[in-house]
Amino acid sequence: MSSGNLQPIQGMSDLSAPEIRLWQEIEGKARRILSLYGYEEIRTPVLEYTSVFTRSIGDATDIVQKEMYTFEDRGGRQISLRPEGTASVMRYAAGLGPEAEGLRLYYIGPMFRCERPQAGRKRQFHQLGSEMIGQASPAADVETLALQMHLLSSWGLEGCSVEINTRGLPEDRQAVAEGLAAALQPHREALCEDCRRRFDANILRILDCKKDACKKIADGLPPVTDFMSEASRQYLDEVKRLLDLLNIPVRLNPRLVRGLDYYVHTVWEITHGALGAQNAIAGGGRYRMEMDGRTIDGVGFAMGLERVVSALQAALQGQAPVAGERPVWLVSMGQKAFEENMVLAQTLRLRGLSCGFNLTPGSMKSQMRAANRAQAAQAIIRGDREIESGAFLLKNMADGVQQELDMPALLNTLLDSRIDPAHTPAKAETTNPAGSP
RNA sequence: GUGGGUGUAGCUCAGUUUGGCAGAGCACCAGGUUGUGGCCCUGGUCGUCGCGGGUUCAAAUCCCGUCAUCCACCCCA
């Protein structure tokens with residue numbers, strides 16, 4: 001691979017066959033399931049005023065401070081490529097006013113964060129997310145989680161684990177920070193360098209430090225709920241009770257921290273073991289944000305589609321990838337047959353049959369090779385003899401058997417063969433697809 | 001932003017230690033079969049060795065710089 005400038009911008013990539021078929025399948029299933037839960041798609045602009053993100057996600061967060069693509073447009077306005085989807089949907093909802101209450105919206109599309117790329121992290125990546133506006137009730141949080149589990153199982157993605165925690169209400173934050181500070185004060189010198197910095201900058205983050213020394217200290221701390229109000233604790237209890245009712249297996253992780261400022265109450269994260277360091281395929285939670293003087297509540301999730309795809313690919317290891325459609329290949333000997341075949345191709349396609357042919361025919365051998373490469377199910381061979389007699393030589397590419405047919409018989413045979421097409425096993429359409437290795 | 005690995009044919013990679021003709025497998029094209037693919041055999045096409053500079057009679061190989069990519073940290077989906 002030479003360098004040159006034929007490659008896309010760093011951290012961005014072209015998605016094409018064959019993986020794109022898996023993407024399409026994932027998206028198609030997702031759209032169906034989201035509609036079962038009453039969600040409608042929303043497509044917001046990829047560019048927003050920078051303030052849409054800074055005010056909701058939080059000025060101090062890493063996303064805003066060092067990861068956004070921000071620039072001035074020709075009119076001197078500060079605009080940014082969206083780093084996530086929730087803020088835009090909230091902007092939309094705030095604009096609707098009271099009408100927005102109860103809205104259920106989902107989005108699928110590219111997001112942009114200017115980070116150093118690594119496994120499971122791109123600068124342009126894709127998220128599928130849902131937002132339910134208002135409905136500040138534990139039942140909404142639990143229904144959202146149920147929807148998400150439904151999506152995962154529809155894709156056949158097994159081996160996910162779900163962790164939940166609570167951020168409490170905004171009013172609890174100061175108490176939580178103070179409580180943690182008091183509890184951590186005696187161990188302050190034993191913390192790692194990063195955590196000593198976090199002590200003042202973002203004390204919650206100490207809870208999920210990966211260093212052994214910090215983990216041990218964090219293990220000894222009281223759960224964050226101890227510092228929260230009674231209302232926050234009751235909310236969490238109700239969420240747990242309802243999750244249990246729906247039989248959704250989650251692990252309560254009192255040290256789970258989520259970085260965005262807008263979260264309140266329930267937060268969660270879904271990870272998958274096959275992913276390496278960036279193992280979170282999805283995150284979600286309840287949020288509350290101020291938009292132009294209005295307070296917007298909601299609950300939603302976001303799933304990283306690249307990560308879902310990698311996890312699925314790991315799970316499907318060794319199994320056939322999603323197959324493309326197998327065409328009929330039209331083989332022509334001579335100019336007359338070639339022209340007749342161009343007409344035939346249109347006839348077949350208008351009847352819903354996938355077909356192809358060499359645009360510059362060449363020898364029969366090369367045309368048959370092309371048929372093979374295109375994974376053709378059958379070939380139709382025509383030369384002067386067939387044109388004269390009006391016959392079609394139909395060859396089954398799998399067993400090599402040929403038969404001579406007239407037009408009606410040809411169409412019948414081809415249409416029949418579409419009814420049980422050679423679908424590969426991996427493309428199972430059951431609700432419980434293969435996935436357990 | 002920080003640290004490490006890797007850049008050689010369309011793809012996967014040898015060759016770099018110890019400087020000496022640019023390689024293999026797969027893919028592609030053609031022939032073996034004048035109208036029959038896959039398997040097999042034979043032949044063929046495809047290279048600014050990431051880029052720029054330096055050392056040398058001679059550089060893919062050594063030195064300096066640079067870019068890209070992968071992995072990890074930070075953080076997130």
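A note on names: the letters A, B, ... follow the listed sequences, proteins ahead of strands, and every chain is numbered from 1. Owing to the predicted nature of the structure, the values given are computational and were not obtained by experimental measurement.
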Given A/Glu48 and A/Ser80, is the side-chain hydrogen bond (donor to acceptor under 3.5 Å, both in side chains) satisfied, shown in steps?
CA-CA 6 Å; A/Glu48 297 272 5; A/Ser80 297; over 6 Å; no

Can a donor-acceptor pair be found, under 3.5 Å and without considering hydrogens, that links the side chain of A/Ser232 to the backbone of A/Met228?
no

Classify the nucleic acid contact of [X] as base, sugar-phosphate or nothing, counting any heavy atom under 4.0 Å across all strands shown.
{"X": "A/Gly120", "result": "base"}
{"X": "A/Gly11", "result": "sugar-phosphate"}
{"X": "A/Arg385", "result": "base"}
{"X": "A/Ala371", "result": "nothing"}
{"X": "A/Ala337", "result": "nothing"}
{"X": "A/Leu393", "result": "base"}
{"X": "A/Ser366", "result": "sugar-phosphate"}
{"X": "A/Glu386", "result": "base"}
{"X": "A/Glu115", "result": "base"}
{"X": "A/Ile381", "result": "base"}

In Watson-Crick or G-U wobble terms, both distances under 3.5 Å, what is the partner of B/A24?
B/U12

Please determine, for B/A72, whether a Watson-Crick or G-U wobble partner exists with both distances under 3.5 Å, and give it or none.
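Check on B/A72: paired to B/U2, both distances under 3.5 Å.
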
[atom1] spacing across the pair [N] / [M], given as an integer number of angstrom:
{"N": "B/U61", "M": "B/G53", "atom1": "P", "value": "14 Å"}
{"N": "B/U48", "M": "B/G37", "atom1": "C1'", "value": "38 Å"}
{"N": "B/U45", "M": "B/C63", "atom1": "C1'", "value": "37 Å"}
{"N": "B/A14", "M": "B/A24", "atom1": "P", "value": "16 Å"}
{"N": "B/A30", "M": "B/C13", "atom1": "P", "value": "29 Å"}
{"N": "B/G25", "M": "B/G19", "atom1": "C1'", "value": "27 Å"}
{"N": "B/C29", "M": "B/C64", "atom1": "C1'", "value": "43 Å"}
{"N": "B/U66", "M": "B/U2", "atom1": "P", "value": "12 Å"}

Any donor-acceptor pair under 3.5 Å between the side chain of [X] and the base of [N]?
{"X": "A/Gln10", "N": "B/U69", "result": "no"}
{"X": "A/Arg121", "N": "B/C75", "result": "yes"}
{"X": "A/Asn372", "N": "B/G38", "result": "no"}
{"X": "A/Gln402", "N": "B/G35", "result": "no"}
{"X": "A/Lys365", "N": "B/U36", "result": "no"}
{"X": "A/Gln278", "N": "B/C75", "result": "yes"}

Any idea which of B/C73, B/A30, B/C75 is nearest the A/Arg198 side chain?
B/C75

Looking only at side-chain atoms of A/Gln118, point me to the closest of B/G38, B/C74, B/C75.
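The nucleotide sitting nearest to the side chain is B/C74.
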
Out of A/Asp141, A/Thr266, A/Thr166, which residue meets the side chain to side chain donor-acceptor pair (under 3.5 Å) rule with A/Arg286?
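Only one option passes, and that is A/Asp141.
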
Polar contact flag, side-chain donor to acceptor under 3.5 angstrom, A/Arg288-A/Tyr263
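Note: A/Arg288 and A/Tyr263 side chains miss the donor-acceptor criterion.
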
Is a donor from one side chain sitting under 3.5 angstrom from an acceptor on the other, for A/Tyr287 and A/His265?
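Side-chain D/A pair, A/Tyr287 to A/His265: absent.
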
For residues A/Pro110 and A/Gln124, report the shortest heavy-atom separation together with the two atoms involved.
CB-NE2, 3.4 Å

Which atom pair, heavy atoms only, marks the closest approach of A/Leu252 to A/Asn165?
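Between these two residues, the closest heavy atoms are CD1-CA, 4.3 Å.
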
